[in-house]
*Asks:* 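One structure, as C-alpha cells, below. Some questions next.
Computed from a predicted model, the values in this text were never measured in an experiment.
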Amino acid sequence: MSRQKRVCIVGSGNWGSAIAKIVGYNAKRHDTLHETVTMYVYEEMIDGKKLTEIINETHENVKYLPGHKLPPNVIAVPDLVDAAKDADILIFVVPHQFIRKICATLLGKIKPTAVGLSLIKGFEHQEDGGIDLISHVIHKHLKIQVSVLMGANLAGEVAEGKFCETTIGCKDKELAPILRDLIQTENFRVVVVDDVDTVEVCGALKNIVAVGAGFVDGLGLGDNTKAAVIRLGLMEMIKFVDVFYPGSKLTTFFESCGVADLVTTCYGGRNRRVAEAFVRTNKSIDVLEKELLNGQKLQGPITAQEVYALLQSRDMEKVFPLMTAIHKICSGELQPAQFIECIREHPEHTSMPKGPIRGRCSL
C-alpha cells in the first residue's frame with residue numbers, strides 16, 4: 001500500500017452514499033488516508049442532468065440519499081475503472097447480484113496490493129445448488145484480501161449522525177486498525193472481530209428473517225408474533241453457520257452484525273416494508289420493489305431463493321423451516337396466511353440449536 005491510502009467506494013445507493021459521508025469525513029482528518037475519495041456512480045439522468053454532475057456540484061446524491069450533504073472531497077466518477085484504478089482500499093457496496101460483473105470489469109485494472117471491504121449483504125448462487133459468500137467471490141476474481149462490514153446500520157440514520165454500532169470482520173491484525181479508522185466516528189462505533197464468515201452470513205440471512213417480519217406486519221399479527229419470528233430466525237441463522245461455516249464463535253451473533261442488525265431490520269428495513277406491502281396489496285415483489293424503493297434493490301427475497309436452492313440440494317428444508325416458508329411465500333408456493341402455521345409448528349420453540357458451534361465461546 002502507498003503511504004497515504006487512497007479509497008474508492010464502489011457503489012452509490014443510499015448505503016453507499018451514507019458510507020461515503022463517513023469515509024470522506026475520516027479521509028480529511030487522518031494523515032494515513034489520501035483526502036480525495038472516489039465514488040463509482042452508475043450514471044443516471046435526473047431531470048435532464050447527469051447524476052454524477054449533480055453530486056459533484058451540489059455534494060448531494062439527490063436520488064438515493066436526498067437531504068444529506070456529502071463532503072466535498074468525495075468525487076463521483078461514472079467510470080468504474082477510473083474510480084478504482086488508483087485505490088488502495090476498495091469499499092464494495094452494490095446489490096449482490098451485480099458483483100460478478102463489477103469484478104469482471106475491474107480484473108487486471110486495480111492495484112495488486114489493494115484490499116477490499118465488502119458491505120454487500122447476500123450470497124452468490126452456484127451451479128451445483130450451493131452458495132458462496134460475496135467476499136469469497138471478490139477474493140477469487142480479483143485476488144485481493146477482502147474484509148467485511150455488517151451491522152445495525154439503517155442508511156438514513158447513519159447519514160443523520162445518529163449513534164449506532166457496526167462490526168468489521170477482518171483476519172489481518174495490521175489491516176484491522178486501518179479499516180477501523182477509515183469507518184469509525186464519534187457516533188459510528190466499530191468493533192473488529194476475526195470471525196469474518198459469520199459476520200457476513202449474519203448480514204445476508206437477517207434480510208430473509210426481515211421478510212418474515214414483514215409478513216407478520218402485513219397479517220396484523222402483532223409484536224409478540226414478530227418477536228417469535230426474530231427468535232426463530234436467529235436460531236436458524238446460528239444453525240446455518242454451524243452447518244455450512246463451522247468454526248464460528250457464538251459471541252459474534254451478539255455483535256452489531258448479529259442480533260442487533262436482525263432486530264433493526266425486522267422493524268425498520270426495506271425488506272420488512274416491502275414484505276408487509278406484499279401481504280396487504282397482493283402485488284408482486286418485483287412491482288413493489290419498483291414502486292417503493294426508488295431504484296434500490298431488495299435483497300431478502302433473492303437471498304431466500306439462493307438459500308432455499310442450497311437447502312433443497314442438501315434435502316435440508318425441514319431443518320430450516322422458517323427460511324423455507326419465507327421463500328415459498330415470496331415465490332407463490334404458499335399463501336402469506338400459511339406463515340403462522342410455520343411459526344406454530346417450528347420444531348425448536350424451547351431450546352437453542354442442538355450441539356455446540358465449534359470454537360464457540362462460553363457465555
*Asks:* Looking only at heavy atoms, what is the nearest atom pair of Cys330 and Phe215, with distance?
*Replies:*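 Taking every non-hydrogen atom into account, SG-CZ, 3.9 Å.
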
*Asks:* Specify the closest pair of heavy atoms between Cys164 and Val158, including all atoms of both residues, with the distance to one decimal.
*Replies:*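 Taking Cys164 first and Val158 second, the nearest heavy atoms are SG-CG2, 3.9 Å.
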
*Asks:* Going by an N to O cut-off under 4.0 Å, is there a salt bridge joining Asp261 and Lys121?
*Replies:*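 Looking at Lys121 together with Asp261, the answer is yes, because their closest N to O distance falls below 4.0 Å.
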
*Asks:* Are Glu44 and Tyr64 close enough that a side-chain donor and a side-chain acceptor fall under 3.5 Å?
*Replies:*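 Side chains of Glu44 and Tyr64: pair found under 3.5 Å.
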
*Asks:* So does Ala210 get a backbone contact from the side chain of Asn271, meaning a donor-acceptor N/O pair under 3.5 Å?
*Replies:*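 No; zero donor-acceptor contacts below 3.5 Å.
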
*Asks:* Give a yes or no on whether Lys290 atom NZ has more than 12 heavy-atom contacts from other residues, nucleotides or ligands under 6.0 Å away.
*Replies:*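 Atom NZ in Lys290 is not packed in, count stays at 12 or less.
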
*Asks:* Looking only at heavy atoms, which two atoms of Lys283 and Phe278 are closest? And how far apart?
*Replies:*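 Result for this residue pair: O-CD1, 3.2 Å.
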
*Asks:* Scan side-chain atoms only and decide if Glu60 and Thr58 contain a donor-acceptor pair under the 3.5 Å cut-off.
*Replies:*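 No pair is found: no donor N or O on one side chain lies under 3.5 Å from an acceptor on the other.
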
*Asks:* Assess, by modelled atom type and distance only, whether the side chains of Gln312 and His327 contain a donor and an acceptor separated by less than 3.5 Å.
*Replies:*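 No, no side-chain donor-acceptor pair sits under 3.5 Å.
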
*Asks:* For Gln299 and Asn207, which heavy atoms make the closest approach, and how far apart are they?
*Replies:*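 In this case the closest contact between Gln299 and Asn207 is CB-ND2, 3.7 Å.
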
*Asks:* Would you mind telling me which of Val199, Ile22, Leu149 makes a side-chain contact (heavy atoms from CB on, under 4.5 Å) with Thr166?
*Replies:*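 One option only clears the test, and that one is Leu149.
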
*Asks:* Quickly, which of Val190, Val192, Ile168 forms a side-chain contact (heavy atoms from CB on, under 4.5 Å) with Leu179? Name it, please.
*Replies:*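 Of the listed residues Val190, Val192, Ile168, the side-chain contact (heavy atoms from CB on, under 4.5 Å) partner of Leu179 is Ile168.
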
*Asks:* Please determine whether a side-chain nitrogen of the Lys or Arg among Asp86 and Arg6 lies less than 4.0 Å from a carboxylate oxygen of the Asp or Glu.
*Replies:*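 Looking at Asp86 and Arg6, the cut-off is not met.
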
*Asks:* Taking atom types as modelled, find out whether His136 and Asp197 have a side-chain donor-acceptor pair closer than 3.5 angstrom.
*Replies:*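 His136 vs Asp197: donor-acceptor pair found between side chains.
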
*Asks:* Check the surroundings of atom NE2 in His59: do more than 12 heavy atoms from other residues, nucleotides or ligands lie under 6.0 Å from it?
*Replies:*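 Correct, the count exceeds 12.
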
*Asks:* I need the minimum non-hydrogen distance between Ser248 and Thr198, along with the two atoms involved.
*Replies:*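 Minimum heavy-atom separation between Ser248 and Thr198: CB-OG1, 2.9 Å.
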
*Asks:* To check you understand the geometry: which heavy-atom pair defines the closest contact between Val81 and Leu106, and what is its length?
*Replies:*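 Closest approach of Val81 to Leu106: CA-CD2, 4.4 Å.
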
